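Presented below is the structure to which this report refers.
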Protein chains: 2
Amino acid sequence: MATPQPTFTQLRALVGVADHRHFGRAAAALHVSQPTLSSAVAALERTLGVQLVERTTRSVLLTGVGEQIVARARGVLGAVDDIAEVAVRARAPLTGDIRLGVIPTVAPYLLPRLLPTLRGRWPQARLRLREAQTATLLAELRGGALDLALLALPNDEPGITEIPLYDEDFVLVIPAEHPLAGGSAVPVAALAGQDVLLLEDGHCFRAQALDVCQEAGARERATLRAASLSTIVQMVAGGLGLTLLPAAAVGVEVGEGRGLAVATFSRPVPHRRIGLAYRATSARVVDWDLLAQEVRAALPGTDLELCPVPAGNPG
Amino acid sequence: MATPQPTFTQLRALVGVADHRHFGRAAAALHVSQPTLSSAVAALERTLGVQLVERTTRSVLLTGVGEQIVARARGVLGAVDDIAEVAVRARAPLTGDIRLGVIPTVAPYLLPRLLPTLRGRWPQARLRLREAQTATLLAELRGGALDLALLALPNDEPGITEIPLYDEDFVLVIPAEHPLAGGSAVPVAALAGQDVLLLEDGHCFRAQALDVCQEAGARERATLRAASLSTIVQMVAGGLGLTLLPAAAVGVEVGEGRGLAVATFSRPVPHRRIGLAYRATSARVVDWDLLAQEVRAALPGTDLELCPVPAGNPG
DNA sequence: GCGTTGCCATAGATCGAGGCTATCAAACTT
DNA sequence: AAGTTTGATAGCCTCGATCTATGGCAACGC
């Protein structure tokens with residue numbers, strides 16, 4: 001407390017000198033005069049009580065402490081830029097490109113509801129969609145190729161924040177003549193001994209459904225792994241077995257007059273949680289909260305259960 | 001660039017208001033007058049072009065953007081405090097408590113060399129030692145219970161930085177009457193079919209030695225897992241098998257006249273790398289570099305190979 | 001070896017950001 | 001309705017960041 005804290009300008013000066021290894025050029029790059037920059041660095045060294053830069057008339061180089069402090073100063077300056085960015089984004093909420101990745105077992109069932117709502121309420125938002133499996137989405141999110149991912153939670157990825165959106169029950173889809181057809185409180189154990197058709201490897205819904213099957217003692221027809229839920233439902237209609245669908249997919253995939261029936265499970269009903277994921281460092285958290293509201297707003301009329309809105313986010 | 005950047009003072013003001021939810025008390029806590037603080041927050045809102053605080057005469061609360069920016073501002077202010085801390089540490093290098101964790105297969109062989117050197121050259125440093133296995137040390141490091149850990153590299157822990165110190169060959173320890181006794185270029189494959197004694201689970205050296213054994217086709221005497229290298233060497237002397245030691249342990253553990261012999265491997269000689277690990281965010285990186293030099297300085301006279309000093313660190 | 005050149009530090013003047021005191025305006029209390 | 005609490009505004013002042021001009025020092029050329 002006795003020591004005055006470094007100034008913002010001083011940190012910028014130090015980083016400039018570190019970048020250019022030359023006071024004159026650094027000063028030019030920062031649009032200040034060379035003496036100004038010189039005294040700024042000197043002042044920083046005085047307040048910190050440590051030599052940061054070794055000056056000779058021929059070369060400028062950093063001391064060990066200097067390196068350390070430059071690294072932290074870069075972080076500080078970057079964070080301040082972020083603050084400005086957050087503010088700019090907030091001034092124009094939900095505008096510009098939004099690179100959204102969606103898992104294949106959600107995309108075809110949620111997007112047709114979401115897109116019209118969004119276009120109506122936020123015409124400035126340009127959604128760039130990408131459909132891929134969870135692992136791919138998370139990698140692209142982390143690498144900055146995506147802004148947002150819509151997928152099953154939780155993923156427990158460090159540095160990734162998740163917004164829960166809704167819980168989606170698993171529903172049994174079976175041939176119409178099957179004994180379970182139309183059941184409304186089928187225990188999971190009723191799957192014992194049944195042939196269940198599942199997605200191919202890599203889909204998170206495959207793993208979730210497989211869990212249910214293994215608990216119940218059902219068999220997977222491993223020779224018939226499909227690339228999409230549509231394909232699987234066709235195969236069920238063809239009498240090759242039965243399958244599980246996430247509730248949102250039922251309306252689209254199970255039409256009338258195709259020889260298909262559904263059945264719902266008894267409690268505890270197997271289900272999955274769908275939500276948004278974004279980099280915890282994202283400058284557009286406010287945008288993502290707004291988008292989450294839009295997804296929730298797109299849901300009524302379905303039998304999906306909304307997740308409670310976390311405190312602090314306007315509902 | 002058109003928008004002026006936020007000031008430190010302004011950020012501090014905002015965080016103060018967020019903490020106290022009251023302008024008057026926040027001003028008192030920051031040792032400024034209430035109007036000063038008021039105008040600082042107002043100025044910040046003006047430069048960012050966004051309302052951050054909702055004021056009524058009865059209560060003060062943050063907007064959504066406000067929350068976001070407060071969180072980032074805290075980070076910025078914390079980082080600036082860190083910068084000051086780095087400088088203070090650098091002004092008084094290697095002083096105060098250093099909580100150092102060491103793995104059990106290094107501690108008894110390195111510390112007796114290190115401690116006297118360190119006490120001589122850095123009398124102000126107070127080393128608090130802790131001996132534990134790698135997993136424990138890394139957890140304590142991460143949690144802040146340790147400042148530093150001396151262990152085998154690499155660990156590839158995110159957020160943990162490692163300084164390589166030296167490479168240490170593995171040496172074969174055998175009964176004196178064993179055919180391999182005194183060998184100086186024994187191929188690893190010569191271990192095939194031998195009974196090898198290893199440490200109990202959890203020691204990194206156990207895993208490393210086990211790798212060598214499995215490659216060579218040696219058997220582990222699994223019923224005889226020991227808690228320390230000393231114990232193992234006693235068991236070798238008792239004729240129960242042979243073992244591997246890290247080179248630094250040989251001088252201490254294998255004395256004269258105990259019926260023990262050593263043998264060195266032919267190339268590629270199995271070995272491990274020992275180094276220091278610390279939180280990447282540590283404010284005392286300069287200290288840790290100095291300490292690394294001390295460890296290296298303590299080594300000459302042994303047959304351990306020093307690792308090259310990374311560029312930028314004074315050697 | 002001596003002048004030239006490049007480069008960083010110092011000096012002194014200027015101007016604006018941020019600080020303070022005094023006062024106002026609004027809203028809740030009694 | 002008067003008082004109290006609390007944040008905003010006004011006006012003044014101080015200090016620090018910036019500028020131009022100049023000084024000092026080391027390396028290089030001829």
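Here the structure is a predicted model, which means the values were calculated and not measured. The sequence lines fix the lettering, A, B, ..., with proteins before strands; numbering per chain opens at 1.
Applying the salt bridge (charged side-chain N to carboxylate O under 4.0 Å, His left out) test to residues at least two apart or on different chains, none of the pairs has a partner in residues 23-44 of chain A.
Between B/Leu61 atom CG and D/dG7 atom C1' the separation is 14 Å, expressed in whole Å. Between the CZ atom of A/Arg46 and the C1' atom of D/dA17 there is a distance of 12 Å, rounded to whole Å.
Using cut-offs of 30° and 60° for the angle between ring planes, the B/Tyr278 and B/Trp288 rings count as tilted.
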Report summary line: 5' to 3', nucleotides 14-20 of chain C under a 4.0 Å protein heavy-atom cut-off (B base, S sugar-phosphate only, - none) gives ----SSB

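In the region residues 15-26 of chain B, proximity to DNA chain D at under 4.0 angstrom, judged on heavy atoms, holds for B/His22, B/Phe23, B/Gly24.
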Report task. Go through the steps to decide whether B/Arg142 and B/Glu157 satisfy the test salt bridge (charged side-chain N to carboxylate O under 4.0 Å, His left out), and finish with yes or no. Result -> CA-CA 10 Å; B/Arg142 186 177 296 283; B/Glu157 289 276 311; 2.7 Å; yes

Requested in this report: Could you walk me through whether A/Glu45 and A/Val53 pass the side-chain contact (heavy atoms from CB on, under 4.5 Å) test, one step at a time?
Outcome: CA-CA 9 Å; A/Glu45 287 181 320; A/Val53 181; 4.2 Å; yes

Query raised in the report: Between B/Asp289 and B/Ile163, is a side-chain contact (heavy atoms from CB on, under 4.5 Å) present by the stated rule, with each step listed?
Result: CA-CA 8 Å; B/Asp289 279 342; B/Ile163 308 177; 3.5 Å; yes

Report task. Test side-chain contact (heavy atoms from CB on, under 4.5 Å) on B/Leu114 and B/Glu294 and set out the steps. Result -> CA-CA 7 Å; B/Leu114 175 64; B/Glu294 291 307 318; 4.3 Å; yes

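Summarising the geometry of B/Ile160 relative to B/Ala277, their closest heavy-atom pair is CG2-CB, 3.8 Å, with the distance given to 0.1 Å.
A salt bridge links A/Arg74 with A/Asp19: the closest approach of a Lys/Arg side-chain nitrogen to an acidic carboxylate oxygen falls below 4.0 angstrom.
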